[in-house]
There are 2 protein chains.
Amino acid sequence: MTISDVARAAGVSVATVSKVVNGRYGVAAETSQRVLEVVARLGYETSLVASSLRRRKTNVIGILVAEFEPFSTELLKGISGAVGGTGYELLAYSGAVSDDNRVGWERRSLSRLAGTLIDGAVIVTPTVVVAGAGIPVVAIDPHTGPGGPWTVDADNVGGARAAVEHLVGLGHRRIAHVRGRTDLESARLREQGYRESLAEAGIGFDPALVRDGGYRASRTTDSARELLSLPDRPTAVFAANDLSALRVIEVAHELGLRVPQDLSVVGFDDIPEASSGDQRLTTVAQPLRQMGARAAQMLLAMLDGAGTEEHVHMPARLIVRETTAPPPA
Amino acid sequence: MTISDVARAAGVSVATVSKVVNGRYGVAAETSQRVLEVVARLGYETSLVASSLRRRKTNVIGILVAEFEPFSTELLKGISGAVGGTGYELLAYSGAVSDDNRVGWERRSLSRLAGTLIDGAVIVTPTVVVAGAGIPVVAIDPHTGPGGPWTVDADNVGGARAAVEHLVGLGHRRIAHVRGRTDLESARLREQGYRESLAEAGIGFDPALVRDGGYRASRTTDSARELLSLPDRPTAVFAANDLSALRVIEVAHELGLRVPQDLSVVGFDDIPEASSGDQRLTTVAQPLRQMGARAAQMLLAMLDGAGTEEHVHMPARLIVRETTAPPPA
DNA sequence: ATGAAAGCGCTAACAG
DNA sequence: CTGTTAGCGCTTTCAT
């Protein structure tokens, strides 16, 4: 079903069909009428690919993610809400990830889509600073602060501090940290907040209590096992995100530890899964939907040639739920 | 940054660059080497649009949704998990919806992408039966059962019956129903289950107790107000999905009604939001992630030319939580 | 008012 | 082994 099929069926040239379909002037009303009928009858719809190859603008916004997991899908909901009704279409793309392109996937995805398929992009948790894409780009939870594209993120240091201070306030002294994706600024900042709070509470930093979790459940498993099998086991864990925190709790259960009686756990993000399980996770909430919406608005503004803020920071706040308690006596 | 730029910089023809990039035979090792260096230096990546226009296969699976909301994003998580590691890329597309294309969006999206951008598609809650797309298609929560593409859905009748029987068991007699999207088979089946259970319990069907909700919070508001303002107010509401159920609860609160003391509410779907609020919703759970994964597997099988089941039904089960109780005395 | 032709970036025959 | 050529579906001058 191509434009040629329509042209043939209507007895006109493809150029005429194109004009009719795109509402260009210079087509006789009668011809237009006939073409439209054929289009409707055949169910023809112009190919996004072909037209975007030729045109400059596609009216499509790309959302580049590594994977569709709770974090990115929350953002997606926010973006979808903000873009709805603007006439733009959304194209959320997750390129195939293999081990060798785990870093740099966003540059690849962007090159593949930019200039042709999408007019602008919001990139979720890029692993490298993406610049010179040729199209407007907003990064959410970016690789690094300034220098790169415009960004949206939450108060990572403040959130982490709130989490650790909560734990300290409960009486914990041996507080472990499961690190996030080390290529992300947010992970660095959360660890920084963790260290700052420890220092302020007069608790020495113990490198043995910090392990990588990579923001992923699978990467967290071993780290959690090691941490919870330590001779001098921590009484609390501050995980860099909810996925890690949730996995820490599972591992704790495997090891016969009760949460929060034997072990307190705090996460970060407040994805829906954090509060929908049997036990509700104490966590630092990022306003994910709003962050997505904000990023979309910024992109829309850039696309319109309008000015907009370049780096937006949103507040993060601690939500105390059921996985934290004073340490065992 | 196009293939011509690379060709020029490497001093070869575009054809040669194409061969190198796609790993075709017939290129001198030395030439290949040089081209690869230029590619790396320039950060060239082949355009998805241009190559898919020329090639037959793109290695991309399309997920067509009307909107990114909790239901579709849960499916997306399941699909993403199942497709990860297969080498396929995912492209979730949400076309611009206006009032006049609310029905039929999926046919439009499919026409725009099929044949060029995507090799196959899973369509979420299509409004019409999509056939003859020219590419393999699996529909989740389809417009209609057989006749159309292969499908995945849950036991809608059984789930609805379980919900209503639970309410009846609690002692409710005036049970209202907020309908789903009337163009969807699932909505029809849930209403059917509702009616059957009522009949079996010897409760007469009262048309005044059934209102449209369209599976959307916004569409539900007025219906809920009308229902809860009835002279002989229902003591329980079975909403066709969680989004509607959640909104019914909000409206109840606005009207000064307590849930579940004054009004019991049951939803359907068990999206994460159903159990993450202050009050956890009693609902009928569909295994959304699994449904997404199953649909992806079916599509992958079709793409491989392998056989697969044509219509998959997954179980639905009632989860009693905090929004249902016996009717007020 | 209509159509012929060029070209978007790329791949696949086919020559050389 | 390399380059020339045609063409994927579409839009856009430019003639007619």
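We name chains A, B, ... by the order of the sequence lines, and we start the count at 1 in each one.
A nucleotide of DNA chain C counts as in contact with chain B when one of its atoms lies under 4.0 Å from a heavy atom; the first and last such, 5' to 3', are C/dG9 to C/dA12.
One finds the CH2 atom of B/Trp105 at 9.5 Å from the CG atom of B/Leu110 (value rounded to the nearest 0.5 Å). Put simply, CG on B/Leu184 and CG on B/Asp153 are 10.0 Å apart, with the number rounded to the nearest 0.5 Å.
Checked against side-chain hydrogen bond (donor to acceptor under 3.5 Å, both in side chains), B/Thr58 has the following partners two or more places apart in sequence or in another chain: B/Asp119. Checked against salt bridge (charged side-chain N to carboxylate O under 4.0 Å, His left out), A/Arg8 has the following partners two or more places apart in sequence or in another chain: A/Asp5. Residues that satisfy the salt bridge (charged side-chain N to carboxylate O under 4.0 Å, His left out) test with A/Arg188, not counting sequence neighbours, are A/Glu185. Remark: B/Ser13 pairs with B/Thr16 by the side-chain hydrogen bond (donor to acceptor under 3.5 Å, both in side chains) rule, at least two apart or across chains. With sequence neighbours excluded, the residues that form a side-chain hydrogen bond (donor to acceptor under 3.5 Å, both in side chains) with A/Gln286 are A/Asp269.
Of all non-hydrogen atoms in B/Val27 and B/Ser32, the two that sit nearest each other are CG1-N, 3.9 Å.
Here the rule is side chain to side chain donor-acceptor pair (under 3.5 Å) with B/Thr127, and of B/Arg107, B/Glu106, B/Arg181 only B/Glu106 fits it.
Comparing the local axis fitted to the first five base pairs of the helix from C/dA1-D/dT16 to C/dG16-D/dC1 with the one fitted to its last five gives a bend of 50°, rounded to 10°.
Of the residues in residues 31-42 of chain A, not one comes within less than 4.0 Å of DNA chain D through any heavy atom.
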In 5'-to-3' order, the base (B), backbone-only (S) or no-contact (-) status of each nucleotide in nucleotides 6-16 of chain D, using a 4.0 angstrom heavy-atom cut-off, is BBBBBBB----

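Pairs passing the salt bridge (Lys or Arg N to Asp or Glu O under 4.0 Å) check and including a residue from residues 30-48 of chain B, sequence neighbours excluded, read A/Arg108-B/Glu45. Within the structure, the salt bridge (Lys or Arg N to Asp or Glu O under 4.0 Å) test picks out the following pairs touching residues 294-309 of chain B (sequence neighbours left out): B/Arg294-B/Glu309. For residues 66-84 of chain A, the pairs satisfying salt bridge (Lys or Arg N to Asp or Glu O under 4.0 Å) are A/Glu67-A/Arg216, A/Glu74-A/Lys77, A/Glu74-A/Arg289, A/Lys77-B/Glu273, with sequence neighbours left out.
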